[in-house]
Amino acid sequence: MQLEVLGVGGAGCRIADSIRAAEPTDHSFLTDVFAFDTDESSLNGTVIPESHRSRYGPDDIDGGLAGDLERGRTVGQAYADDLLESVPRPAAEAADAILVTVGLGGATGGGTVPALVATLQQRTDVPVYVLATLPADREFDAAADRSRSGPRGPAADAPRPNAAANAVATLERLDGVASAIITFDNEDWLRPGEPLRDGRDRCNRELATRVAAVFAGGGDSEGPVAQTVVDASDVRRIVGDQSAIVALGYGDQTVETSGSRFGLGLLSAEPDIDTSEAVSAIETVVRKGIRGKLSLECDPETAERGLLIVGGPPAWLNRQAIAEGRRTLESAIGGSGILGGDAPRPDGDRVFAAVVLAGVESQRLEALRAAADRTEPAD
Ligand SMILES: Nc1nc2c(ncn2[C@@H]2O[C@H](COP(=O)(O)OP(=O)(O)OP(=O)(O)O)[C@@H](O)[C@H]2O)c(=O)[nH]1
Ligand SMILES: [Mg+2]
């Protein structure tokens, strides 16, 4: 499928950047990637081409909004329409879905994204998904910030006392507006005591790997076509259009591919892969995808619907094992909507499983709501 990505605010633009970098060379899935921020210097820190970046907002807020969500909303509402005109979008028609990326907790992304998504929903028939990070406790809770126990080095992050309240307020505004909300919890992905500034690139790579695994799918590029193609309408059926909270799972394993690389193409026959080895690789990655660390910690049992994509070098994609993986996912989730497919990657050196859990419930969201109640309300 083809995806248009719009990043908003510091986190949103960096994540958009990472998704661009994660696009497989043998399997393009992005129409265009854009970056929007009120903060020029943050925008210039991305490698998104200048033609695809747009600095917006009144001049007095260059440098960001420092967590003032109310101001962020005012700016977002005033500029949402203009933002879409400020960049060339000739390929927009080709997109099967739009993904708006944002870090919840700040003011620029959180203030703009609800208005931007609402505008996009009016202008297009394709689903508009939001990819949102949740703030880590150390950002707004001094007691949880171990980097503050020692001398605060240059790498320490500025505290964001409003982060939880902002995140909760923005999530509420996205409800009923975003087609679905894919979440990534910084709390769970940063290491203990690690400042966001130090860990964010790693987190963004992890997140981008998952996004690429789900949205690059198995269909429409050159090269072998999947036996069961997961297309845009399959993703849409699983994540729905009711602002479901979505968690992503992922597992991979490096596999031997040297057999296919020798012979300079003279030996076109697929390498001999031991069936039991292929089956065991797929079992392993599917288990990691469902039971390993999710983008948002939750019990898969709470999911209403699920999608499984198993990818890798074609010779490794054992049909029976993939079908068994689907059954494993089906029994892991409480709901009953399951789809699955495969994603051949002839140039890949790993077998992977990407898991989409839609409509999940998470205690982390409850904890953020409680923290928001304790800190200053954003409204
Ligand atoms: N995963 C990840 N999270 C980030 C990154 N940068 C910031 N965050 C998270 O996103 C939240 C919002 O931060 P920013 O995106 O910098 O904020 P902004 O939207 O630019 O808003 P202001 O700077 O307040 O105007 C933070 O509270 C962090 O939780 C990043 O690169 N990766
Ligand atoms: Mg910013």
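In this chain, residues are counted from 1 in sequence order. First listed ligand is number 1; within each ligand, the first listed atom is number 1. Note that this is a predicted model, so its numbers are computed, not measured.
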Considering the heavy atoms of R200, write down every atom of ligand 1 situated less than 4.0 Å from one of them. 30 (C), 31 (O), 32 (N)

Can you tell me which residue and heavy atom of the protein come closest to atom 23 (O) of ligand 1, and the distance to 0.1 Å? R160 NH2, 3.7 Å

Nearest heavy atom to atom 3 (N) of ligand 1 wins, so pick from L207, I15, N186. N186

More than 12 heavy atoms of other groups within 6.0 Å of D125 CG: no

N or O pair under 3.5 Å between L134 and ligand 1: no

Should the proximity of L196 to ligand 1, defined as any heavy atom under 4.0 Å, be assigned to the side chain, the backbone, both, or neither? side chain

If you measure from each heavy atom of L104 to ligand 1, is any distance below 4.0 Å? yes

Have a look at ligand 1 and work out which part of N204, if any, has a heavy atom under 4.0 Å from it: side chain, backbone, both or neither. side chain

Looking only at N/O atoms, are G110 and ligand 1 under 3.5 Å apart anywhere? no

For S179 and Q121, which I'm curious about, is there any donor-acceptor pair between the side chains at under 3.5 Å? yes

Worked check of side-chain hydrogen bond (donor to acceptor under 3.5 Å, both in side chains) between T112 and Y56: CA-CA 11 Å; T112 298; Y56 67 100; 2.6 Å; yes

Any N or O of A107 that comes nearer than 3.5 Å to an N or O of ligand 1? yes

Can you find an N/O atom of T108 closer than 3.5 Å to an N/O atom of ligand 1? yes

Could you please spell out the steps behind the side-chain hydrogen bond (donor to acceptor under 3.5 Å, both in side chains) verdict for R53 and N44? CA-CA 9 Å; R53 295 181 218 156; N44 292 342; 3.0 Å; yes

Based purely on interatomic distance, does G9 place a nitrogen or oxygen under 3.5 Å from a nitrogen or oxygen of ligand 1? no

Select one of side chain, backbone, both or neither to describe which atoms of L65 lie under 4.0 Å from any atom of ligand 1, heavy atoms only. both

Quick look: S42 vs ligand 1, heavy-atom contacts under 4.0 Å, and the answer is neither

